Amino acid sequence: MTTTPTGMTPGEHAAREALTESRRRNQQLSTKLGELEGQNGRLVDALRGARGKLDELRAALEHDGDLPFGHGVVITVHSGGTAASGSSISAADVASVDVAHGGRRIRTSVSPLLDLSRLQAGSEVLLNESLVVIAVLPDSGTGELFTVKEPLDSERVLVSGAADDQHVVRVGGELTTTKDVRPGDLVLVDHRAQVATSVVRPQGFSALELEHVPETHYSDIGGLGSQIDAIRDAVELPFLHHDLFVEHGLRAPRGVLLYGPPGCGKTLIAQAVAHSLAQESGMHGYFLNIKGPELLDKYVGETERQIRLLFSRAREKATNGHPVVVFFDEMDALFRTRGTGVSSDVETTIVPQLLAEIDGVEAMDNVLVVGATNREDMLDPALLRAGRLDVKIRVQRPDRQGAQEILGLYLTRDVPLAQAESQRHGGDLDATAAALCAEAAEEIFRVDESTALLELTDEEENVTVLHRGDLVSGASLRNIVDRAKRAAVKRVIAGGERGVGSTDLVTAVRAEFDEMGQMPAGSSPDEWARISGRRGARLVKVRSLVEAA
């Protein structure tokens, strides 16, 4: 066996050398590890120092100035880097905002702790002593109200104020996302920044608002069967059977006039027409309920502008096939005969505006104008000719059968009825209610000396006596039922019998018509006759035949 000079075998010698080499390399690694630990310690110290400086910088930014801070309103947000060459130096072409502050407009920077994307025109911000934006405040929701006259583009609108002064303002706030600004809208404008931030719709500002169709059915109207049939033939047939009308060369009427005494259901018919059109066509309909006087404005031309906006909004909704009913209540307040000199003659410009909208160059497809008035004699004749208000329906006072039908709408089996009345009809509540309505109608249309209300004298000295049935209306019939119900409620409170009885209804009839008889129009009998629907020779005297209570 071969041995080394030291007496070790070759294997033992190789193992000794490998162990020596391993110890040497381990020593080298230990030395490098020590060096790395030293470097790591220095890095940790450096990071701790940097973190401390960052904390100090953030704290300085968070407390960038002392109270008090100034308020400002953002006019424009600049992202920077957008200026054309030669039009701005680099210092001005950076991320910044234009702010209205202290009655002047300034361009300032935004704290790096704020998100620039949260700033938009109309945002209210806080500024420190260096005029740097340091906070974005919630929308205050306050400002001046202006009316939109016309959107100019996606960023500007033309608005008018209370004195009809006009301004071009920017679109900001929530309007930058909704883009839902239309002529006639009331917008909230921050006058400092000249920015419109939101649309305001107050409770009373509804003249230009398209309301949902009222839930009024023809079955809710009593005593007007012939009038309902006439208006359904005139309005619904052309809309529901358009192809047949085109085939026969017929066109749908553009307008309907409902006239007659007050309280006889003219407004209810208009609501039912709108509901029926929407229901029969299977499409969502709209109902513009315009009270005549609410469009009147003291500024010249403002009423005409409102009428233009109304029909513009109606046409906008009707372009998609939706039926739109524009209902003018108390139509005589706006569209009187021109040149009479009875009023300030504002109708000399208002009437032509309506005529131009009804039969002008712009289409009126799916738009129906319905007017209601107690004074059809005051309407301008040009409005009543064929092609404008084509269909004219007189809504008359109900007769005995109609009155009983109307009473039955308000006095039903669901109303607590007197037990004695119910027993008289074998417990049948429907029969009991019908009998009570018949008894009330009989009391209304009974004619004798006790039912005489008014004595009318015309210019030919003819004398006419009006009884209860001559002055009855749908509104008075409903009031009679309400009077009877209140009497029943008071009796229950006093510990008496529950339910409405015949005595309650008869008493209510007498009280209702006694009040009507005690209130004749002694100052102008002729005017009273026209409003109440009375026809014939001109009245010169109206005398009450009811003794004052």
Side-chain angles (χ1 to χ4, degrees), residues 6 8 11-102 104-140 172-174 176-177 192-193 195 197:
T6 57
M8 293 184 295
E12 292 174 345
H13 181 73
R16 182 183 291 272
E17 289 183 350
L19 179 61
T20 301
E21 180 65 19
S22 177
R23 287 174 178 173
R24 184 180 62 81
R25 294 186 63 182
N26 188 35
Q27 186 176 2
Q28 291 177 347
L29 290 174
S30 297
T31 302
K32 289 183 178 181
L33 180 61
E35 294 175 355
L36 291 174
E37 287 178 350
Q39 293 178 1
N40 187 46
R42 289 191 295 273
L43 286 174
V44 169
D45 293 338
L47 288 173
R48 287 175 178 171
R51 178 179 294 177
K53 291 182 179 180
L54 285 175
D55 291 340
E56 291 175 2
L57 178 60
R58 179 178 294 275
L61 290 173
E62 290 286 1
H63 301 283
D64 196 2
D66 297 321
L67 292 173
F69 298 126
H71 282 254
V73 179
V74 175
I75 302 173
T76 311
V77 179
H78 304 279
S79 57
T82 58
S85 177
S87 64
S88 175
I89 64 174
S90 58
D93 190 24
V94 296
S96 57
V97 290
D98 289 347
V99 177
H101 171 68
R104 61 190 179 123
R105 177 171 176 164
I106 59 174
R107 179 168 295 187
T108 185
S109 60
V110 181
S111 170
L113 298 181
L114 301 185
D115 184 1
L116 190 65
S117 63
R118 294 189 59 186
L119 292 173
Q120 58 184 354
S123 298
E124 189 168 356
V125 294
L126 285 182
L127 306 172
N128 64 7
E129 289 185 354
S130 301
L131 299 182
V132 176
V133 176
I134 58 172
V136 182
L137 302 178
D139 184 14
S140 64
E174 65 182 44
T176 57
T177 55
R192 296 168 295 175
V195 175
T197 56

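In this text, all values refer to a predicted model and were calculated from it rather than measured experimentally.
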Show your reasoning for whether side-chain contact (heavy atoms from CB on, under 4.5 Å) applies to L33 and L29. CA-CA 6 Å; L33 180 61; L29 290 174; over 6 Å; no
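- The list of side chain to side chain donor-acceptor pair (under 3.5 Å) pairs with a residue in residues 91-100, not counting sequence neighbours, reads H78-D98, D98-R105, D98-R107.
- Shown here is Q28, whose CD atom has more than 12 heavy atoms of other residues, nucleotides or ligands within 6.0 Å.
- Applying the side-chain contact (heavy atoms from CB on, under 4.5 Å) rule to A92 yields the partners S88, I89; only residues at least two apart in sequence or on another chain are considered.
- Considering all non-hydrogen atoms of both residues, L114 and I134 come closest at CD1-C, 3.5 Å.
- Screening residues 27-39 for salt bridge (Lys or Arg N to Asp or Glu O under 4.0 Å) gives no qualifying pairs among residues at least two apart or on separate chains.
- In this structure, the side chains of F69 and L127 stay at 4.5 Å or more apart for every pair of heavy atoms.
- Considering all non-hydrogen atoms of both residues, I75 and A121 come closest at O-CB, 3.4 Å.
- When all heavy atoms of R192 and A100 are compared, the closest pair comes out as O-CB, 3.6 Å.
- Under the side-chain contact (heavy atoms from CB on, under 4.5 Å) criterion, R23 pairs with L19, not counting sequence neighbours.
- By the side-chain contact (heavy atoms from CB on, under 4.5 Å) test, D45 pairs with R48, sequence neighbours left out.
- Judged purely by atom type and a 3.5 angstrom limit, H101 has no side-chain atom pairing as donor or acceptor with the backbone of V73.
- Between V125 and the choices V97, V74, V132, the side-chain contact (heavy atoms from CB on, under 4.5 Å) rule is met once, by V74.
- A search for side-chain contact (heavy atoms from CB on, under 4.5 Å) contacts involving R42 returns Q39, not counting sequence neighbours.
- Using modelled atom types, no side-chain atom of S123 and backbone atom of L119 make a donor-acceptor pair closer than 3.5 Å.
- For S117, the side-chain hydrogen bond (donor to acceptor under 3.5 Å, both in side chains) criterion is met by D115, not counting sequence neighbours.
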